[in-house]
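I have placed the structure first, in the form of structure tokens, so that the comments after it can refer back to it.
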Amino acid sequence: MTFIETEKNTPNQITRPEYPRPDWQRHDWLNLNGSWDFMFDSKDNGITEEWYLANGPAFTQQIQVPFSWVSPLSGIGEDVKGIAWYSKTIRWKPQQKEDRVFILFGAVDYRCELWVNQIEIGTHDGGYGSFEFDVTNAWRPEEDNRIVLRVQDDDGAYQTRGKQGYGELRGIWQTVWLESRPQNYIASARFVTRIDGTVEVKGAIQADRPGSAELRFLFDNGTIDHSMSLELTQGNNPFQTSFQVESPSLWSPESPFLYEGTLELRNESADSGEDRISTYFGIREIGSSKFDGRDYQWITLNGEPVFLNGTLDQSFVPDGYFTFPSEDFIRDEIWRLKRLGLNFVRIHIKPEEPVKLYWADKLGVLVMEDMPCFWGEPDEIARTAYEREAKEIIERDFNHPSIISWVVFNETWGLFTKEESGKRQYLTETQEWVRSVYQWAKQEDPTRLVEDNSPCNHDHVETDLNTWHFYLNGYETVRNHVQEVVDKTYPGSSFNYIGGNVQSDAPLMNSECGAVWGIEGSAGDSDLAWHYRYMINEFRRHDKLCGFIFTEFHDVINEFNGYYRMDRQEKDFGYGEFCPGMSLQDLHSPDFIVIDGPPCQTVSPGEDIEVPLLASSYSGRYHGQSLQLKWELYYDSLEGKTIAGMGELEIAWDGYGVRPLETVQLKMPQVDAVAVLAVVLQTTEGTVITRNFITFDVQSGDSNGVYAVEGEWLSIRPAAYTSAQWDFEWKALFEQKVNGGGAGFFEYEISLPENNNTSSVGEIEVLFEAGAKVVLGKDKEMITAKPHDISYMHGAKMDPGMNINSYFMTDESYHPSYVDVSVDGEYLRKLYLQDDPADSRGVLSWHYQADDRKLEEAGSYGYLQRILIPSRIVARILDKGSFTMRLSVSEGTVEGEAGGLAIYGRNSGRYPIDIIIRWK
């Protein structure tokens with residue numbers, strides 16, 4: 001039974017027609033999304049002029065609910081803070097005449113007041129919590145009913161706002177609906193499950209009419225059938241019960257089994273009605289424990305260690321902001337996480353809407369849910385508002401098995417107090433308030449891990465998870481930092497804590513990481529594949545670390561470091577070019593092989609190299625088995641793949657955690673090459689478990705290079721052109737790379753060696769690496785510095801092309817170029833350069849970066865080009881001992897602009913070559 005796919009009550013096609021609470025679903029309901037009358041009230045005249053009355057003014061605009069009035073999908077698209085009014089007229093009646101009528105709001109930001117048929121119903125304050133009103137006494141079942149909502153959002157310092165700098169939430173931003181309930185109805189039910197099959201339920205019945213009743217729990221197609229008798233009094237009636245599930249199917253990301261069914265309240269008195277809730281639960285336990293004599297804890301799922309491969313999800317879409325356009329889009333978001341091999345997601349500084357949590361439950365993704373923060377100071381108004389909203393969020397989302405952790409604060413936002421000196425301080429009294437919120441959350445929900453503050457300032461107070469944030473770039477920098485954190489993590493350590501508080505044995509994990517803010521002025525839109533792979537290796541190298549949260553799932557307004565673009569295009573990490581079949585899933589395997597070395601190192605031809613390997617296991621799937629580790633050292637000889645060595649290890653795969661394996665002994669190739677060590681862990685039947693790789697730049701030191709090609713050759717630096725003319729032209733990477741943007745040409749005067757015996761030469765070939773050239777804004781202006789600016793938090797937008805560090809990572813969009821090749825004025829052929837790519841394949845462009853804090857065309861690379869000069873021209877060249885080669889771009893692409901040209905030299909791109917002139 002898939003509730004949200006079948007329960008739609010929509011007289012006309014509207015946005016988001018599905019029932020908004022698949023975890024708590026009634027069946028007599030009406031979706032109120034769609035077009036509402038709307039009007040701003042900039043002078044706050046609405047109350048005094050009684051706009052809620054039938055003879056009030058007509059609201060002059062139309063808005064599409066449930067979208068923030070700032071977002072494009074709302075149809076308003078104006079960032080106007082203050083007051084606005086909504087109105088909708090609807091005719092609807094319950095299926096049962098005696099039933100009560102409720103109106104429910106998924107979320108409204110911030111303060112709202114409701115009238116129905118001119119009668120004031122109630123108010124609500126908060127931006128993220130769900131709430132409801134009983135409108136029975138004002139509802140006219142056989143007539144039209146006018147619903148009027150006044151919303152006020154002044155961006156008060158005390159208001160919960162989360163990441164609204166990306167796009168403001170104002171007004172209604174989640175589904176609004178009507179539903180009927182009997183006179184006595186199920187108000188709430190919390191399911192607490194144990195892996196032995198015990199299910200405890202605590203809840204409440206709201207009764208208008210006293211009497212006897214039966215509450216029935218019917219799940220799993222009737223295999224679970226439990227009932228309890230109740231004697232109801234008027235008002236709120238708490239209840240508590242438990243039942244046993246035999247041979248329970250446990251919920252996990254690998255097997256997200258849900259026990260779907262219903263809660264049914266049957267009243268002895270017929271006029272009290274019957275209530276029926278469609279819901280579900282998953283049987284799972286989350287916790288932490290020590291294993292095998294360790295003095296530190298690991299995070300556990302169902303009693304076994306779990307490594308959390310996670311990402312930060314801002315839940316932002318450019319047209320709806322924090323409201324998704326459709327249920328299909330939501331389902332695909334969870335699928336996009338799963339296809340990366342991730343088992344975990346942190347919903348950042350906001351609660352997730354129930355439909356997305358349902359798909360996390362259904363498809364199997366572990367969720368860390370943040371409470372939304374306020375941006376002001378922690379005064380009494382802010383604290384009270386925060387606590388009220390946090391309670392609403394936990395109450396609503398308690399039953400989702402996917403949620404394993406609550407984060408009550410993030411990076412100390414809203415926790416600083418400005419003193420008279422102007423200095424901002426995280427005061428001791430505020431620290432104690434944070435402790436009290438942590439303790440309240442633990443009391444409210446002892447079944448989950450609670451974090452006091454996800455810190456970037458090393459300022460925990462009391463927490464179930466000892467996490468930290470870092471944004472750093474550079475292999476040695478990241479390696480040393482992670483090692484330092486691990487070394488400083490032990491019971492009693494004051495590291496990562498504040499105010500005299502010290503560490504317990506709480507599990508250690510990273511809760512934000514990446515390079516996005518590890519570069520001066522941010523990394524802009526640049527390759528993240530290179531950094532990501534060595535960072536994951538460093539995490540998996542440490543037995544004490546339980547997981548990570550990468551920033552982030554998809555690009556957002558000011559950060560372009562997602563696995564996906566903001567429009568959800570896929571980025572190409574390029575790993576499969578190094579180890580066939582490899583993808584991000586391999587780096588997220590619970591059973592993993594750590595290659596304990598840098599992503600690339602410079603070595604000499606024929607050098608002997610030792611590479612340590614480690615086994616990292618956080619799954620019992622293969623324990624007790626003998627696995628095969630196959631390795632291969634290879635390089636591209638410019639004639640194709642050449643294997644320089646290979647081997648195989650038999651590994652007894654036993655036990656959780658990290659342990660060393662045999663060291664791999666390598667002998668480097670005798671030529672200039674980018675050599676690759678690729679490893680594959682597989683079962684004895686050949687099923688691949690995980691893949692990994694590192695690279696080596698084999699440097700001969702010969703100015704012409706040493707290559708495994710036939711004949712003789714000379715090398716010409718790409719920057720050694722004799723003439724050039726482009727719309728935009730510049731050099732990069734210590735002049736190892738030349739760029740021509742738009743239309744233009746590079747021309748080279750090439751002289752063959754004077755002592756060359758040309759009588760036997762039969763062919764001349766030119767080899768070089770080239771790509772298209774996208775001209776960014778910063779290239780046009782030749783920007784050399786960019787100030788660090790986070791004004792996006794207040795609505796500013798960023799152009800990634802203006803960031804000095806940007807070089808757009810490879811994705812689904814190609815930017816091709818067509819290059820004409822001519823020799824001595826005679827046209828030879830046209831080259832098609834598919835793109836101007838940047839990803840892990842740009843080994844040399846990464847390896848020879850000058851500064852970890854400043855990127856220069858990092859990860860950029862091209863395509864190997866081979867131009868065989870026709871024999872009719874070869875004779876003329878040999879006769880005069882030289883020739884002129886011109887590479888020119890004049891023809892535009894389908895977009896109409898010339899695609900430019902980038903030529904890579906020995907220490908840039910993916911091939912360790914300059915322009916090679918080869919003859920034989």
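If you're wondering where the values come from, they're calculated on a predicted model, not measured in any experiment.
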Subject >> Residue among Trp631, Phe578, Tyr634 satisfying ring pair (Phe, Tyr, Trp, His ring centres under 6.0 Å) with Phe693 >> reply: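 Testing Phe693 for a ring pair (Phe, Tyr, Trp, His ring centres under 6.0 Å) against Trp631, Phe578, Tyr634 leaves exactly one candidate, Phe578.
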Subject >> ring pair (Phe, Tyr, Trp, His ring centres under 6.0 Å) partner of Tyr618, chosen from Phe291, Phe592, Phe307 >> reply: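 Only one option passes, and that is Phe307.
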Is the backbone of [Y] close enough, under 3.5 Å, to the side chain of [X] for a donor and an acceptor to pair up by distance?
X: Asn343; Y: Asn309; result: yes
X: Trp251; Y: Asp361; result: yes
X: Gln503; Y: Tyr490; result: yes
X: Gln699; Y: Thr602; result: no
X: Asp555; Y: Gly562; result: yes
X: Asn805; Y: Leu855; result: yes
X: Ser493; Y: Thr489; result: no
X: Glu632; Y: Ala678; result: no
X: Lys338; Y: Pro253; result: yes

**OP:** Could you walk me through whether Tyr534 and His531 pass ring pair (Phe, Tyr, Trp, His ring centres under 6.0 Å), step by step?
**Re:** CA-CA 6 Å; Tyr534 69 68; His531 174 277; 5.1 Å; yes
Original post:
Between CG of Asn302 and CD1 of Ile195, what distance do you get to the nearest 0.5 Å?
Top reply: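 It comes to 5.5 Å.
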Determine the interplanar angle of the [X] and [Y] rings, folded into 0 to 90°, and report it as parallel if under 30°, tilted if 30 to 60°, perpendicular if over 60°.
X: Trp468; Y: His481; answer: tilted
X: His588; Y: Phe548; answer: tilted
X: Tyr861; Y: Tyr863; answer: perpendicular
X: Phe550; Y: Tyr563; answer: tilted

Any salt bridge linking [X] with [Y]? Criterion: basic side-chain nitrogen under 4.0 Å from a carboxylate oxygen.
X: Glu476; Y: Arg479; answer: no
X: Arg568; Y: Asp332; answer: no
X: Asp811; Y: Lys571; answer: no
X: Asp839; Y: Arg841; answer: yes
X: Arg866; Y: Glu639; answer: yes
X: Arg621; Y: Asp591; answer: no
X: Arg565; Y: Asp525; answer: yes
X: Glu577; Y: Arg910; answer: yes

**OP:** Cation-pi check, Arg906 to Tyr848: give yes when NZ or CZ is under 6.0 Å from the six-membered ring centre and within 45° of the ring axis, no otherwise.
**Re:**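 No, a cation-pi geometry is absent between Arg906 and Tyr848.
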Original post:
Do Glu304 and Tyr656 come within less than 4.5 Å of each other through their side chains, counting heavy atoms only?
Top reply: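 Touching, per the 4.5 Å side-chain cut-off.
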**OP:** Using the test side chain to side chain donor-acceptor pair (under 3.5 Å), find all partners of Ser604 that sit at least two apart in sequence or belong to another chain.
**Re:**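 Side chain to side chain donor-acceptor pair (under 3.5 Å) list for Ser604, sorted by chain: empty.
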Original post:
Taking everything shown except Glu662 itself, do over 12 heavy atoms lie less than 6.0 Å from its CD?
Top reply: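 Result for CD/Glu662: open.
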Original post:
Does atom CD of Glu710 have more than 12 heavy-atom neighbours from other groups under 6.0 Å away?
Top reply: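 No, the 6.0 Å shell around CD holds no more than 12 heavy atoms from other groups.
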Taking all heavy atoms of [X] and all of [Y], pick out the closest pair and write down the distance.
X: Lys667; Y: Leu633; answer: O-CD2, 3.4 Å
X: Asp596; Y: Arg541; answer: OD1-CD, 3.2 Å
X: Ser845; Y: Leu733; answer: OG-CD1, 3.6 Å

Original post:
Does one side chain, of Ser454 or Ser511, offer a donor that lies under 3.5 Å from an acceptor on the other?
Top reply: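 Looking only at side-chain atoms, Ser511 and Ser454 do form a donor-acceptor pair, the distance falling under 3.5 Å.
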Original post:
Between the side chains of Lys737 and Ser860, does any donor sit under 3.5 Å from an acceptor?
Top reply: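 A pair is found: one side chain offers a donor N or O, the other an acceptor, under 3.5 Å apart.
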Original post:
Below 6.0 angstrom between ring centroids: does that apply to Phe553 and Tyr564?
Top reply: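 Close enough - the centres of the two rings lie under 6.0 Å apart.
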